[in-house]
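In what follows, chains are A, B, ... by sequence order, proteins preceding strands, each numbered from 1.
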Amino acid sequence: MRSALARFWDHDLAYSFRRSPVTVAAAVMTLLCVAAAVLAPWLAPSNPFDAAALSLDSAFLPPAWTAEGRAAHLLGTDDQGRDVLSTIMYGARISLAVGLAAVVFAMALGVVLGLAAGYFGGSLDALIMRVADVQLSFPAILIALLINGVARVALPQQMHDAMVLYVMVIAIGLSKWVDFARTVRGSTLVEKNKEYVQAARVIGRHPFAIMLRHVLPNAMGPVLVIATINIGIAIITEATLSFLGVGVPPTKPSLGTLIRVGNDFLFSGEWWITVFPGIALVVLVLSVNLLGDWLRDALNPKLR
Amino acid sequence: MLAFILRRLGQAVLVMLAVGLIAFSLFRFVGDPVVFMLGQDATPEARAEITQQLGLDQPFYLQYARFVARAVQGDFGLSLRQVQPVSELLMDRLPATLELSICAALMALVAGIVMGVYTALHRDSWLSQVMLAGSLVGVSLPTFLIGILLILVFAVVLGWLPSFGRGDTVALGFWSTGLLTASGLKALILPSITLGLFQMTLIQRLVRSEMLEVLRTDYIKFARARGLTDRAVHFGHALKNTLVPVITITGLQLGAIIAFAIITETVFQWPGMGLLFIQAVTFADVPVMAAYLCLIALFFVVINLVVDLLYYAVDPRLRIDRGAAAH
């Protein structure tokens, strides 16, 4: 009996992974970004949110390799004396968490609605797909902005501040569910007429059990690909909303908030406050996107 | 024909009504307007009178109908932050956004077609490779980062172009234009590039793939066999046949450009509708949010409707399919 690892190494997917150096590099970069984000409390040079450790003396320090830089602050410090490298690592935590949670939420919602629309058909199908059509004719960022705006109006200020991360997840998730719902509905329409589903119906299984245990496993492949591709989009959407000032507040900044805050100092010459978070965002999104593209091609039988 | 147009119009009106319902329900979240107008300690009689005057004692659907009737006439009430009619605020800002969006679309169209044709005709040249790689990077970069990068290079380091505002504007009736002054034109360059870059890469890839497809067809071979010059074949025959989908896509993307102007306007502090909307979201200024929402939805619905009807007029197959399906 060979180990599971060895079997995975010989699998088609692992083979096509090893054959593509760009994908390996993207995977390494993604892992590095995720590790830096997750392990930020232990790896980061300082805790940027520990107010006691901050001093305005060390504000606006340029990166360590310039003349006035200090070795302790590799990428310099921002207007409040926070270490830029540390704020990036903590910011990436929030960016990644919101991006991943939003995709999971969109996936769950899209899968449930797509399954229901495809399996039950009729007026439920018509209703869900009409809403999807209308939503699809507007850009996702506009939908996310709108939902965010509604939450801002509907919730009292303090409650909104406390729940801002959840609001972001819901706003981005609701703007992306259509892709998932359409795909799942398509596969469900194909699967539900196959014999194994009819057999399950004949032996009297509950419709929900048929949908979850029989139809869903056969519709999940493309869903996972869409999810991977959407992670990059979700992270960019979060960063954009935060940059516009309607996302995560500066007290607990994501990468987008950091870029927004740093943007104010671009003209006075303190470019590093905004450029380094920007580079971090691009590297993160580019690596995740390259991984998603590879997965899409590797799972597409036509391209094998 | 008539039935198709009517059904399509009906769908458009339904979408607008649905968006209007969302906009209308926004108003329900912002506290009690009676308390807002009279303060906490008003007498019950005064409250009842105001409630009746505002029509708040009427059933939901009547209030909604009144909202729609006023919205159709462009009346969305007063902005909560700047006490001024919302329609005036939006009309002030509309020229800035439209000039920026149309400049960006034109730039994307021209540059996209030129680059698309070049990359299709010279597939293996290094310049084509650079253009294709550049478009890949352009798609992965978030719009606001592109804007910041352009500001950093062209405004901060080189100091060639302004980084915010519209420059000097000239009023032509109600329309304030920045196209007639040197500073207005200079101010337009960076925001237009930022806003149009994504659509430019889209058009570039579309033109490239369409050109490659068309260049393989028989009538191009015939044209070459007839001894026409490369120039006549490439531009007279090949490019012309790629332009229909390109113009359609550009038309459909115009709505997206106007919506994405929100981001560009924030980066460049461009005094357009998008900036107004973002400020309205930050300050929970509901009337402005509702009006902007309806206006953007109207842009999208009208653009989609026009494109659909044009397709119907241009492509006779659609008519036959509809007819066959009906029988």
Side-chain angles (χ1 to χ4, degrees), chain A residues 130-131 133-135 137-143 145-157 160 232-233 235-247 255-256 259-260 262-263 265-271 274-275 277-279 281-290 293, chain B residues 11 14-15 18-19 22-23 25-31 136-137 139-149 151-152 155-157 163-164 252-253 255-260 262-263 265-267 274-275 277-286 289-290 292-293 296-297 299-301 303-304:
Chain A
R130 274 306 80 68
V131 174
D133 283 346
V134 171
Q135 184 169 334
S137 60
F138 298 94
I141 185 104
L142 200 64
I143 310 269
L145 255 175
L146 172 70
I147 297 165
N148 198 0
V150 171
R152 210 167 271 268
V153 175
L155 298 173
Q157 183 70 38
H160 183 269
I233 300 176
I235 294 176
I236 285 191
T237 309
E238 185 280 323
T240 305
L241 291 181
S242 294
F243 175 79
L244 293 176
V246 293
L255 289 177
I259 296 169
R260 172 190 176 78
N263 196 24
F265 303 105
L266 207 55
F267 282 94
S268 41
E270 284 96 12
W271 52 272
T274 189
V275 167
I279 292 175
L281 179 67
V282 171
V283 168
L284 177 63
V285 170
L286 206 58
S287 332
V288 174
N289 279 351
L290 285 171
D293 282 356
Chain B
Q11 278 173 8
L14 270 184
V15 171
V19 173
I22 298 173
S25 49
L26 278 179
F27 285 94
R28 310 226 111 200
F29 292 126
V30 274
L136 200 68
V137 174
V139 172
S140 322
L141 283 177
T143 317
F144 66 95
L145 268 186
I146 294 172
I148 293 177
L149 215 65
I151 290 182
L152 186 63
V156 178
V157 177
S163 65
F164 65 91
L252 279 176
Q253 288 287 321
I257 290 181
I258 294 173
F260 272 95
I262 296 176
I263 301 165
E265 285 176 7
T266 310
V267 177
L275 196 58
F277 175 69
I278 280 296
Q279 285 159 354
V281 171
T282 326
F283 292 99
D285 191 344
V286 173
M289 280 169 68
Y292 178 83
L293 183 66
I296 281 284
F299 277 127
F300 271 94
V301 166
I303 289 170
N304 284 341

Proximity breakdown for B/I263 and chain A, heavy-atom pairs closer than 4.5 Å
both

Can you check whether A/V275 reaches B/I148 side chain to side chain, under 4.5 Å on heavy atoms?
no

Of A/N148, A/L146, A/V246, A/L241, the residue whose pairing with B/V281 passes side-chain contact (heavy atoms from CB on, under 4.5 Å)
A/V246

Can you tell which part of B/I262 gets under 4.5 Å to a heavy atom of chain A, answering side chain, backbone, both or neither?
both

Any heavy-atom pair between the side chains of A/F243 and B/V267 that's under 4.5 Å?
yes

Does the side chain of B/F277 reach to within under 4.5 Å of the side chain of A/L145, using non-hydrogen atoms?
yes

Heavy-atom contact with chain B under 4.5 Å, split by part of A/L244
both

Between A/G245 and B/T282, what is the shortest heavy-atom contact and its length?
O-CG2, 4.4 Å

Is there a side-chain contact between B/V19 and A/V134 (heavy atoms, below 4.5 Å)?
no

Turns out that what part of B/A297 lies under 4.5 Å from chain A's heavy atoms comes down to both

Portion of A/T274 that has a non-hydrogen atom of chain B nearer than 4.5 angstrom
side chain

Nearest-0.5 Å distance that lies between atom CZ in B/F260 and atom OG1 in A/T240:
8.0 Å

Select one option (side chain, backbone, both, neither) describing which atoms of A/I233 are under 4.5 Å from chain B's heavy atoms.
neither

I'd like to check A/I259 versus B/L145 (side-chain heavy atoms, cut-off strictly below 4.5 Å). Are they in contact?
yes

For the student: nearest non-hydrogen atoms of A/P139 and B/A256, plus distance:
CG-CA, 4.3 Å

Starting at CG of A/L286, measure out to CG of B/L141 and round the result to the nearest 0.5 Å.
8.0 Å

